[in-house]
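Below is one structure, written out as structure tokens, with a few remarks after it.
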Amino acid sequence: MIEIIEYNEKYEKVWDDYVEKSPEATIAHRFGFRNVIAKSLGHKPRYLLATNDGAVAGILPLFIVTTWWRKKYVVSIPWLDYGGICADDRETVVSLLDTAKSITKEERAEFLELRSVKSNDLSLELRLDKVSFILDLPDDPDVLWKAFDAKLRNQIRKSDKSGLTTRIGGAEYLDSFYSVFAQNMRDLGTPVWGKDMFSNVLEAFPGEAEIILVDKGDKVIEGGLILSGKGTQYVPSASSLRSEIKFCPN
């Protein structure tokens with residue numbers, strides 16, 4: 001019998017165990033984001049766990065997002081591009097969705113948004129104006145290089161000839177990354193996430209969340225946040241100094 005329960009502390013380990021084994025789960029489903037997003041952005045988590053005869057059969061991470069103009073949305077999940085339902089079977093998918101719909105009504109939210117990789121044939125309105133770009137990484141770098149088109153190879157050569165170097169680390173690189181990131185967001189006219197957002201991600205995922213910096217001499221001209229998990233590397237935030245784009249730091 002399927003039972004839908006809201007998260008409590010005794011389920012933290014089994015939640016991430018399920019994420020690791022589920023082929024539909026993404027980095028965004030990792031339990032650590034429950035605390036990161038609640039703490040950094042103030043969104044209320046409503047994490048749903050489906051059990052079948054006591055065993056975990058599905059999960060759905062949800063957040064109640066309240067805008068500054070006092071509107072509410074239910075999103076799985078905010079800040080990241082992924083989320084949605086992960087479940088063993090159709091019956092569990094439907095049970096989790098029905099509970100999510102009930103929460104949306106209970107919270108008097110405007111809508112429920114599931115950032116799923118697959119539609120799961122849920123007869124929901126689909127947004128098809130966004131895409132994911134996924135690049136397979138072969139063991140042989142020469143195979144990867146030959147797969148790039150001529151323009152991209154020329155840009156990589158230019159960055160190499162320009163003397164750019166990279167380094168990867170953790171919280172010790174946060175200030176350098178954030179300085180570039182905040183400046184670029186300002187130039188774009190886009191509100192910037194607070195530095196504590198990135199600090200909380202690095203703290204929650206040691207070894208799996210890293211900062212990459214691109215240097216030209218002793219100047220940092222590019223930075224990005226890298227998340228690693230489930231055989232995938234994901235870069236949710238990255239920026240270059242506009243004055244240095246000519247050197248192809250990307």
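We count residues from 1, following the sequence as given. Note that the structure is predicted; figures quoted are calculated from it, not measured.
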Quiz item: Distance-only, no hydrogens or angles: does the Lys44 side chain make a donor-acceptor pair with backbone N or O of Val65 under 3.5 Å?
Solution: no
Practice problem: Please lay out, stage by stage, how Ser95 and Asp98 fare under the test side-chain hydrogen bond (donor to acceptor under 3.5 Å, both in side chains). | Solution: CA-CA 5 Å; Ser95 296; Asp98 287 345; 5.8 Å; no
Self-check item: More than 12 heavy atoms of other groups within 6.0 Å of Lys230 NZ
Solution: yes
Quiz item: Is the closest side-chain donor-acceptor distance between Tyr82 and Ser132 under 3.5 Å?
Solution: yes
Quiz item: Under 4.5 Å between side-chain heavy atoms, hopping through other hydrophobics if needed: is there a path connecting Ile85 to Phe33?
Solution: no
Self-check item: Joint hydrophobic cluster, Phe31 plus Val14, side-chain heavy atoms closer than 4.5 Å
Solution: yes
Quiz prompt | Minimum heavy-atom distance between Ser76 and Leu62, given as atom pair plus value | solution = CB-CD2, 3.9 Å
Self-check item: Separation between CD of Glu106 and CD1 of Ile64, rounded to the nearest 0.5 Å
Solution: 8.0 Å
Quiz prompt | Donor-acceptor contact present, side-chain His43 to main-chain Val74, <3.5 Å | solution = no
Practice problem: Find out whether Asp175 and Lys195 are in side-chain contact, i.e. whether some heavy atom of one side chain is under 4.5 Å from a heavy atom of the other. | Solution: yes
Quiz item: Is Val94 linked to Leu112 within one hydrophobic cluster, defined over Ile, Leu, Val, Met, Phe, Trp and Tyr using a side-chain heavy-atom separation of less than 4.5 Å?
Solution: no
Exercise. Could you walk me through whether Tyr173 and Phe177 pass ring pair (Phe, Tyr, Trp, His ring centres under 6.0 Å), step by step?
Key: CA-CA 6 Å; Tyr173 289 165; Phe177 157 71; over 10 Å; no
Quiz item: Is Arg127 salt-bridged to Glu125, going by a charged N under 4.0 Å from an acidic O?
Solution: no
Quiz item: Centres of the Tyr11 and Tyr47 rings: under 6.0 Å?
Solution: no
Exercise. Apply side chain to side chain contact (heavy atoms under 4.5 Å, CB included) to Phe133 and Val131, showing your working.
Key: CA-CA 7 Å; Phe133 295 93; Val131 298; 3.4 Å; yes
Exercise. Output yes when a side-chain donor or acceptor of Trp193 lies under 3.5 Å from a complementary backbone atom of Leu41, and no otherwise.
Key: no
Quiz item: Is Ser22 reaching over with its side chain to a backbone N or O of Tyr18, donor-acceptor style, under 3.5 angstrom?
Solution: no
Quiz item: Heavy-atom distance under 4.5 Å between the side chains of Pro61 and Trp15, does that happen here?
Solution: yes
Exercise. Would you sort out whether Tyr234 and Asp81 count as a side chain to side chain contact (heavy atoms under 4.5 Å, CB included), showing the intermediate values?
Key: CA-CA 10 Å; Tyr234 171 48; Asp81 298 316; 2.8 Å; yes
Self-check item: CD (Glu203) with more than 12 external heavy atoms under 6.0 Å
Solution: no
Practice problem: Carefully, step by step, assess Met185 and Leu188 under the rule side chain to side chain contact (heavy atoms under 4.5 Å, CB included). | Solution: CA-CA 5 Å; Met185 292 298 105; Leu188 292 171; 3.7 Å; yes
Quiz item: With side chains defined as the heavy atoms from C-beta onward, is the minimum distance between Asn154 and Lys151 less than 4.5 Å?
Solution: no
Self-check item: Glu6 side chain near Arg46 side chain, heavy-atom distance below 4.5 Å
Solution: yes
Quiz item: Would you say Thr104's side chain and Phe111's backbone share a donor-acceptor pair under 3.5 angstrom?
Solution: no
Practice problem: Please indicate whether Asp129 has more than 12 foreign heavy atoms, meaning atoms of other residues, nucleotides or ligands, lying under 6.0 Å from its CG. | Solution: yes
Quiz item: Just by modelled atom types, is the Met1 backbone N or O under 3.5 Å from a matching donor or acceptor in the Asp53 side chain?
Solution: yes
Quiz item: What pair of heavy atoms forms the shortest contact from Ala87 to Val93, and how long is it?
Solution: CB-CG2, 3.6 Å
Exercise. Examine the side chains of Ser199 and Asp196 and answer whether a donor and an acceptor come within less than 3.5 Å of each other.
Key: no
Quiz item: Between NZ of Lys216 and CD1 of Ile221, what distance do you get to the nearest 0.5 Å?
Solution: 7.0 Å
Quiz item: Atom CD of Gln183 and atom CG of Leu241: how far apart are they, to the nearest 0.5 Å?
Solution: 5.0 Å
Self-check item: Whether Arg153 side chain and Phe148 backbone form a donor-acceptor pair below 3.5 Å
Solution: yes
Quiz item: Any chance the side chains of Ser228 and Gln233 put a donor and an acceptor closer than 3.5 Å?
Solution: yes
Practice problem: Output the distance between atom CG (Leu114) and atom CG (Leu96), rounded to the nearest 0.5 Å. | Solution: 10.0 Å
Quiz item: Sub-3.5 Å donor-acceptor pair from the side chain of Lys158 to the main-chain atoms of Lys246, do we have one?
Solution: yes
Quiz item: Say you draw a straight line from CG of Asp215 to NZ of Lys219; how long is it, rounded to the nearest 0.5 Å?
Solution: 11.5 Å
Self-check item: Ser239 to Asn184 - nearest heavy-atom pair and separation
Solution: OG-ND2, 3.0 Å
Practice problem: Output yes when a side-chain donor or acceptor of Thr26 lies under 3.5 Å from a complementary backbone atom of Ala28, and no otherwise. | Solution: yes
Quiz item: Do Tyr7 and Ile59 pass the side chain to side chain contact (heavy atoms under 4.5 Å, CB included) test, and can you show the C-alpha distance, the side-chain angles, and the key distance before you say yes or no?
Solution: CA-CA 10 Å; Tyr7 162 79; Ile59 58 171; over 6 Å; no
Exercise. Determine the minimum heavy-atom distance between Asp142 and Asp140, stating which atoms define it.
Key: N-OD1, 2.9 Å
Quiz item: When rounded to the nearest 0.5 angstrom, what distance separates OG1 in Thr99 from CD1 in Ile4?
Solution: 4.5 Å
Exercise. Using the ring of Phe205 (Phe, Tyr or Trp, six-membered ring only), decide whether Arg30 places NZ or CZ under 6.0 Å from its centre and within 45 degrees of its axis.
Key: no
Quiz item: What about Leu227 and Val36, same hydrophobic cluster or not, with Ile/Leu/Val/Met/Phe/Trp/Tyr joined at side-chain heavy-atom distances under 4.5 Å?
Solution: yes
Exercise. Verify the cluster assignment for Met197 and Ile212: are they in a single hydrophobic cluster under the rule of side-chain heavy atoms below 4.5 Å apart?
Key: no
Practice problem: Mark yes or no for whether Asn52, through its side chain, and Ala55, through its backbone, hold a donor-acceptor pair below 3.5 Å. | Solution: no
